[in-house]
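No hydrogens, no waters, no symmetry mates; every other heavy atom, side chains included, goes into these values.
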Amino acid sequence: MYFCGPERHIFNYRFMIRKKVREILDGEATGTEVLVKGWVRTHRNSKNVSFIALNDGSTIRNLQVVADVNHFSGELLGEINTGAALSVTGILAASAGSGQAVELVAREIVLLGGADPENFPMQPKKHSLEFLRENAHLRFRTNTFGAIFRIRHAMAFAIHDYFNRRGFYYLHTPIITASDAEGAGQMFRVTTLDALQPPLTEEGKVDFSADFFGRPTNLTVSGQLEGELGATALGEIYTFGPTFRAENSNTTRHLAEFWMIEPEMAFYDLKDNMDLAEDFLKSLIRYALDHCSEDLAFLATRLREEEKGKPREQQSMDLIEKLKFVADNEFVRLTYTEAIDILRNSNHYKKKKFQFPVEWGVDLQSEHERYLVENHFRKPVILINYPKEIKAFYMKQNDDGKTVAAMDVLFPQIGEIIGGSQREEDYDKLVARMEEMHIPVEEMWWYLDTRRYGTVPHSGFGLGFERFILFITGMGNIRDVIAFPRTPRNAEF
RNA sequence: UCCCUAGUAGCUCAGUUGGUUAGAGCGGCGGACUGUUAAUCCGUAGGUCGUAGGUUCAAGUCCUACCUGGGGAGCCA
């Protein structure tokens, strides 16, 4: 650690209040003495002065620190490389250069931590997202990932704020669960048994009664069922927690560990559910536009640069325009049956451009959803009333005997961003459906009790947080909107 | 899991139908210049061409397997 300048400045350094770069650039008066701490983005030497771009994460903008080369040792200046951490005190001044309004004229610089330029991987240049993913521990130090994670934070905060203002309670549903009845995909086993020599039953099977919980347990794939228990007493609840799927999915839209928001509301029917989902998404987008404009502007520019080489029809809408468009326009609402009709009457269908068949009863493929959202309506779509055969057991059975009160919110590029439904509140119908679908009814006694005692119409949905952040930031790969992505064969960091 | 595609210097990439000592820009290092803006200019070091086999007089280049990344599909949020 190097201290430069007279001792009295060390005294100042210790007792001054540190300012964030954001505060300073947003209007700290010139002429005042300030203390900042942060990381060096670039360092340029000049004959008499040395320029240091300092970033402390509070904003995407850097503070230009100007150091008189005659005032600081060459040894210190030589260690101020990209990535180094500094503490700087100085006088804020109107900038003599043209790139910024104010700059910090350094009086004292303390090297808190150096960064060996021969080994520090983050260079002051454009890195590929693949390279940064392999250096996920350091990618926070780039403009792009700084912006993404500030926005991700803002969105998490806005979600809590949205629900809190509307009287929803934040319910913490369990991460470890013994039920695998949801059928929402492959689960991760949680066990303390010896993997090589587990205790065996007389039949030679693994004896889970000797396991920690005395039964097989897994990581949760959804907090919904427990959420319903909360909603049928507290009224409106939401969960916001990690979710785990052990599916071997290798796509830009899937993670083995992701975060999901699942509101569950008593006395809401499907229409109320749709209204909430639409208002919820629009409110979050407006929050981002209002509170993350600098970071969004940076990401918008980044996206435009990235797509420069693409033909015009493949370029996406300007990020900020896209967000405003979704926030300001009604989502299209239609039934599954209507969607099938539209698809079958489309020129796309007549020219046999769909790879998969379109007929009532089969699940819509990505290509069908994308056609509806990106070609036909050109705006977000809420599809409702799907055939019961392709949806989960807990969804409310409609009077037609064929469909359930499901709703999927489809976004351009992302696909299904929200999946939800009105829940079946009738005990007999629910049990009948569970038996049809071979769901172990006895194990679910606690869930069924909500229908046995004071059952009410209720609804809910799940929003994939990372998919939403993908939409907000305009990023293309879900691995770039979570700090440390977990995907098949990847659990580094 | 399936299909396509890629793996060459620290990073981003070029490398012609297989043919001598594998190139560039950026970054690093050394120097020059300079209130600079991912500064500029000059010089310099740095590569068993993903791994293992194979074909061939000869393989970065062709073939096979595997590993890893990317794109698409399925599953889904």
Side-chain angles (χ1 to χ4, degrees), chain A residues 40-53 61-69 78 81-83 93-100 103 105 115-135 142-143 182-186 220-224 239 241-262 277 355-356 363-367 369-370 390-392 408-411 414-420 461-471 476-482 487-490 492:
Chain A
V40 176
R41 284 296 174 80
T42 59
H43 182 200
R44 296 176 290 277
N45 279 307
S46 194
K47 190 178 182 185
N48 296 312
V49 287
S50 187
F51 300 97
I52 303 157
R61 290 169 289 167
N62 298 325
L63 175 65
Q64 172 154 291
V65 174
V66 185
D68 185 336
V69 297
N81 306 117
T82 299
S95 179
S98 58
Q100 55 285 314
E103 61 193 17
V105 179
D116 179 2
E118 295 206 48
N119 295 311
F120 184 61
M122 300 292 115
Q123 298 168 9
K125 62 171 271 188
K126 187 172 162 38
H127 283 295
S128 69
L129 293 172
E130 291 83 358
F131 174 77
L132 293 172
R133 222 170 279 151
E134 284 165 16
N135 291 277
T142 63
N143 286 331
E182 289 133 71
Q186 291 289 107
T220 182
V221 292
S222 165
Q224 181 200 316
T239 73
T243 309
F244 306 89
R245 305 267 167 99
E247 232 110 57
N248 192 5
S249 297
N250 294 287
T251 80
T252 51
R253 300 182 307 282
H254 290 85
L255 292 164
E257 176 183 291
F258 63 100
W259 290 69
M260 189 154 65
I261 298 100
E262 296 180 289
Q355 195 191 330
F356 291 91
D363 208 354
L364 297 178
Q365 303 291 323
S366 282
E367 58 174 353
E369 295 179 350
R370 292 188 71 143
I390 59 174
K391 288 292 181 182
D408 283 4
V409 181
L410 308 177
F411 264 29
I414 314 289
E416 185 182 339
I417 197 164
I418 278 182
F461 61 81
L463 169 70
F465 188 52
E466 283 78 15
R467 285 196 183 171
F468 181 69
I469 301 300
L470 223 41
F471 177 76
N477 193 321
I478 202 163
R479 299 165 197 207
D480 295 329
V481 296
I482 187 166
T487 54
R489 296 178 302 281
N490 182 8
E492 191 67 64

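At a threshold of 4.0 angstrom between heavy atoms, the contacts of Asn45(A) include nucleobase atoms, whether or not backbone atoms are also involved. When heavy atoms are screened at a 4.0 angstrom cut-off, Phe51(A) is found touching base atoms of the nucleic acid. Residue contacts shown for Asn477(A) are limited to sugar-phosphate atoms, with no base heavy atom under 4.0 Å away. Among the atoms of the strands shown, only primed sugar atoms or phosphate atoms (P, OP1, OP2) are found under 4.0 Å from some heavy atom of Ser128(A). Among the heavy atoms of the strands lying under 4.0 Å from Thr251(A) is at least one base atom, whether or not backbone atoms are also near. Within 4.0 Å (heavy atoms only), Glu257(A) reaches no atom of the nucleic acid at all. The residue Leu255(A) sits close to a base: some heavy atom pair falls under 4.0 Å. If you check every strand for non-hydrogen atoms under 4.0 Å, Thr252(A) touches sugar and phosphate atoms only. Residue contacts shown for Glu416(A) are limited to sugar-phosphate atoms, with no base heavy atom under 4.0 Å away. Within 4.0 Å of Thr243(A), counting heavy atoms only, lies no atom of the nucleic acid at all. At a threshold of 4.0 angstrom between heavy atoms, the contacts of His127(A) are confined to the sugar-phosphate backbone, with no base atom among them. Base contact: Ser46(A) has a heavy atom under 4.0 Å from a base atom. At a threshold of 4.0 angstrom between heavy atoms, the contacts of Glu367(A) with the nucleic acid are absent. Within 4.0 Å of Gln355(A), counting heavy atoms only, lies no atom of the nucleic acid at all.
Going from the C1' atom of U8(B) to that of G47(B) covers 8 Å, rounded to whole Å. Spacing between C13(B) and U17(B) at atom C1', rounded to whole Å, works out to 23 Å. The separation of U20(B) from C63(B), taken at their C1' atoms, amounts to 25 Å, rounded to a whole angstrom.
In this structure, CG of Asn135(A) is placed 14 Å from P of G10(B), rounded to the nearest angstrom. Here the C1' atom of nucleotide A38(B) and the CD atom of Gln64(A) are 14 Å apart, to the nearest Å. Taking atom CZ of residue Arg245(A) and atom C1' of nucleotide C76(B), one finds them 6 Å apart after rounding to whole Å. One interatomic measurement links the two molecules: CZ of Arg489(A) to P of G69(B), which rounds to 6 Å at whole-angstrom precision.
When only modelled atom types and interatomic distance are considered, Arg245(A) and Thr243(A) share no side-chain donor-acceptor pair under 3.5 Å. Side chain to side chain, Ser50(A) and His43(A) meet the donor-acceptor criterion of an N or O pair below 3.5 Å.
Using a distance-only test at 3.5 Å, with no hydrogens or angles considered, a donor-acceptor pair links the side chain of Thr82(A) to the main chain of Arg41(A).
The base of C76(B) lies outside donor-acceptor range of the side chain of Ser249(A), with no N or O pair under 3.5 Å. Counting atom types as modelled, Glu118(A) pairs no side-chain N or O with a base atom of G10(B) as donor and acceptor under 3.5 Å.
Residues Arg44(A) and Gln64(A) have side chains in contact (heavy-atom distance under 4.5 Å, counting atoms from C-beta outward).
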